[in-house]
> 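I have a structure here, written as structure tokens, and I will follow up with some questions on it.
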Amino acid sequence: MYNVAKDVRREIQVAVAAAIVSSELAADAGGYDAHEVPVEITRDKSHGDFATTVAMALAKRLGRPPRRIAEAMAPALQAACGNTRYIERIEVAGPGFINFHLSRAWLEDTIRAIHSAGSAYGTSNAGDGMRVQVEFVSANPTGPMNVVNARAAAVGAALANILKAAGYDASTEYYINDAGNQVAVLGESVELRYRQLQGESVEFPERCYQGAYISDIAREAHAEHVEMLKTMEPDERSRFFREFALARMLGSQKRSLSRFGVDFDVWFSERKLVEGGAHQEMLRNLRKRGMVYEKDGAVWLRATDFGDDKDRVLVKSDGEFTYLAGDIAYHKNKLDRGFDLIIDIWGPDHHGHVVPTRAGIQALGYPGKCLEVLLLQFLSILSGGERVKMSKRAGEFVTMDDLLDEVGRDAARYFMLMRNIESHLDFDLELAKRESQENPVYYVQYAHARICSIFRQAEENGIRVAGAGEADLSRLAEEIELDIVRKLAAYPDEIATSAAERAPNRLAKYALDLAGLFHSFYNSCRVISDDAGLTSARLALSRAVGIVLRSCLDILGISAPERM
RNA sequence: GCGCCUGUAGCUCAGUGGAUAGAGCAUCUGACUUCUAAUCAGAGGGUCGGGGGUUCGAGUCCCUCCAGGCGCGCCA
């Protein structure tokens, strides 16, 4: 009984379906499958605990007003209440809602369910074990991790956790762009700085990476390999700088991500893909399917067959593969690994690649819906009320490490997650640092710390903390107490919805709302009092809130401190 | 020109076709002899960018217009 709301929903669905069949509506409605009955937790508790809009949904089919339909079902439903565990009474309201008022049993069962499920509470099999890969960040290894990467990291990691909690078989992947031209430019940039360090007067072209980190790597190369470098031939030396710079950049990126608390199941190297001949294989496959043709010395993909507005070049007239070809080969590789669904998180500047890439996998014979691309909007950093100017080319970017130094992991994570992914995010550095009521991350963490504090206090006072099974939960009678349990009961739904909508921000909002309810409760009700029975019940409630808050914070990648 | 995203309270934003559109901040008024005041209680504040449409019902879906951001390479 981990998910009481689900049991309630089922009970209502069965009762409604039975009511339709046994009422005068049966002739017109025909059979009605219980699973089709829409049941939702009401937003406003004056409308009862749950409600169905089935009467509105049937209005068209039956050709009568929804309110009449609801009224026709009401007697049978009311009569059926006696046979259910949870439904106490029903009422028809508004344009045709049927509201279900439940007995307290469902709230008390919810608390007990949370205690027995512990950290597993909230999980479901909504995703039905679907194999999903989430690929995110995948930055070019040509500069340090920056704040845009940080948003992608926070969102991707949280999304993967949410999918897992909702019953998807999710794994995370980082694509290392180690094969492209930009790695050569990176090596060249470091080598030129190195030569400048040696006193040579060489020009540093604009196409090279301008950031100070390039010189840092050059200094490291000098410190560690100066003797060896002296003996190298020019070609050999260029190769050395390319590999050395690449290794240093990757190391630095992994270190930053790890500081941020984000790790990946798979680090996938583009170079390995190229060396394995994936591009040629893809091309052979497309040729066999008649999906490519030659024109102007290039090889073109028939992308227009799949909704693109023009065909796309896969092999340039100089014989090189395009970026798109690499992307298609990579996605073919992913799908061949057995994933049912690939979710890519890209920047909005790549949105033009979505249709061509999908066309590519469709041309290879995969359904287009295997690939879902989430376009994560960029963010601005605000400092002193001003937008901090960032330019990738000039190497002027607020780095992930700067952000971690400034505001810390938890605040950074929360701020990255609080917005809808397709909304621009203004990240206010001063606000994220402030330890005050303006800062939502501390608000949530503080609720958790408070709960821990209550249990410490209980222990010091020698109060025996009973399990939820023993506590007399009927003692919870305050409105705020019941509001909290209603919120806790909605948690599994909340995770499932966040997963289905790919919306981690929903869970961040949920955590904030739950914390708010708890703070309100804390200020109006004493948990530990002379009344042992009431104390026991309130401790059980507090523990349930603590379990759910911790679960939310874990999923979002934020720590749940025991003291603050 | 075409495509994608955004437009909701002074500010930042929630809001899976449902009932009287919500929260935080900011502003104002109150609450620490208390299990943590990084907290709470209360107040004010809205033509959901404009206009059409779809239907029992639209902030939500469709069309159109306006405003802002981004993208439209045999670059990556």
Side-chain angles (χ1 to χ4, degrees), chain A residues 38 40 42-44 46-47 51 53 55-60 64-67 69 93-97 99 140 142 177 180-182 185 295-300 309-310 312-324 326-327 347-355 375 377-378 382 418-426 428 431 434-447 449-458 460-461 463 493 496-498 500-501 503 505-506 508-509 512-513 515-516 518-529 535 538-539 542 563-564:
Chain A
E40 56 198 37
T42 56
R43 205 169 286 184
D44 181 339
S46 72
H47 299 136
T53 55
M56 286 88 131
L58 282 171
K60 190 155 207 172
R64 17 177 167 176
R67 175 102 199 177
I69 296 171
F97 290 97
N99 295 334
N140 282 331
T142 55
N177 295 273
N181 183 53
Q182 72 270 21
V185 176
K295 192 181 83 179
D296 304 332
V299 180
W300 297 71
D309 53 8
K310 56 183 109 162
R312 305 284 172 173
V313 171
L314 295 179
V315 185
K316 298 185 267 179
S317 50
D318 66 1
E320 293 284 314
F321 283 104
T322 58
Y323 176 84
L324 173 65
D327 249 12
D349 51 337
H350 284 78
H351 94 257
H353 302 153
V354 177
V355 170
L375 296 175
Q377 292 297 318
F378 287 147
L382 300 184
M418 41 192 226
R419 299 281 172 259
N420 188 313
I421 62 172
E422 53 205 14
S423 295
H424 290 268
L425 170 66
D426 280 330
D428 187 327
L431 176 59
R434 222 169 295 161
E435 293 186 355
S436 76
Q437 61 183 162
E438 300 158 59
N439 192 332
V441 65
Y442 298 121
Y443 185 86
V444 177
Q445 290 182 315
Y446 189 57
R450 261 187 162 168
I451 290 166
C452 293
S453 168
I454 292 170
F455 281 92
R456 279 196 299 273
Q457 185 72 28
E460 279 167 28
N461 294 4
I463 293 168
D493 274 8
T497 307
S498 300
E501 291 181 18
N505 61 302
R506 287 187 67 114
K509 177 72 161 37
L512 195 63
D513 290 346
F518 185 80
H519 285 311
S520 178
F521 160 71
Y522 181 91
N523 274 275
S524 62
C525 302
R526 276 214 57 97
V527 175
I528 298 169
S529 67
T535 299
R538 286 182 172 166
L539 283 172
S542 301
R563 302 169 193 274
M564 285 174 76

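Note on naming: letters A, B, ... go to the chains in the order of the sequence lines (proteins, then strands), and numbering restarts at 1 for each one.
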> Using a 4.0 Å heavy-atom cut-off across all strands, classify A:Tyr522 as base, sugar-phosphate, or nothing.
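If one applies the 4.0 Å heavy-atom cut-off, A:Tyr522 turns out to touch a base.
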> If pairing requires Watson-Crick or G-U wobble contacts with both distances under 3.5 Å, which nucleotide is the partner of B:G42?
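Here B:G42 is engaged in a pair, and the nucleotide opposite it is B:C28.
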> Under 4.0 Å, counting only non-hydrogen atoms across every strand here, what does A:His353 touch: a base, just sugar-phosphate, or nothing?
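Contact class for A:His353: base.
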> Mind checking A:Ala298 for me? I need base, sugar-phosphate or nothing, with any heavy atom below 4.0 Å counting as a touch.
base
> Between B:U6, B:G15, B:C35, which one does the side chain of A:Glu422 approach most closely?
B:U6
> Which nucleotide sits closest to the side chain of A:Trp300: B:C35, B:C74, B:U39?
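Nearest to the side chain of A:Trp300 among the choices is B:C74.
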> Indicate whether OP1 or OP2 belonging to B:A76 is found under 4.0 Å from a side-chain N or O atom of A:Lys316.
yes
> With heavy atoms under 4.0 Å as the rule, sort A:Asp318 into base, sugar-phosphate or nothing.
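Contact class for A:Asp318: none.
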> So what does A:Arg67 touch, heavy atoms closer than 4.0 Å: a base, only the sugar-phosphate, or nothing?
nothing
> Tabulated below should be each protein N or O lying under 3.5 Å from an N or O of nucleotides 28-30 of chain B; please produce it.
none

> Could you check which of B:C74, B:A38, B:C56 has an atom nearest any side-chain atom of A:Met564?
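From the listed options, B:A38 comes nearest.
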> Go ahead and name the base partner of B:G1; Watson-Crick or wobble counts if both distances stay under 3.5 Å, otherwise write none.
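B:G1 is paired, partner B:C72.
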> Would you mind classifying the nucleic acid contact of A:Cys525 as base, sugar-phosphate or nothing, using non-hydrogen atoms under 4.0 angstrom?
base
> Where the side chain of A:Tyr446 is defined as all heavy atoms beyond and including C-beta, which of B:C75, B:U16, B:A38 is the nearest nucleotide?
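Nearest to the side-chain atoms of A:Tyr446, counting from C-beta on, is B:A38.
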> Using a heavy-atom cut-off of 4.0 Å across all strands, would you classify A:Ser317 as base, sugar-phosphate, or nothing?
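Result for A:Ser317 = base.
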> Under 4.0 Å, counting only non-hydrogen atoms across every strand here, what does A:Ala500 touch: a base, just sugar-phosphate, or nothing?
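No contact.
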> NA contact type, A:Pro348, heavy-atom cut-off 4.0 Å: base, sugar-phosphate, or nothing?
sugar-phosphate
> With A:Arg312, which residues qualify under salt bridge (charged side-chain N to carboxylate O under 4.0 Å, His left out), at least two apart?
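Partners of A:Arg312 by the salt bridge (charged side-chain N to carboxylate O under 4.0 Å, His left out) criterion, ordered by chain and then number, come out as A:Asp308, A:Asp309.
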> Might you list the N or O atoms of the protein lying below 3.5 Å from N or O atoms in nucleotides 19-22 of chain B, with each pair's distance?
residue	atom	partner	partner atom	Å
B:A19	N6	A:Asn99	OD1	3.0
B:A19	N1	A:Asn99	OD1	3.1
B:A19	N1	A:Asn99	ND2	3.1

> Using the side-chain heavy atoms of A:Ser520, tell me which of these nucleotides is nearest: B:C40, B:C4, B:G73.
B:C40
> Using a cut-off of strictly less than 4.0 Å, decide whether A:Thr53 has a side-chain nitrogen or oxygen near OP1 or OP2 of B:G17.
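Result: no.
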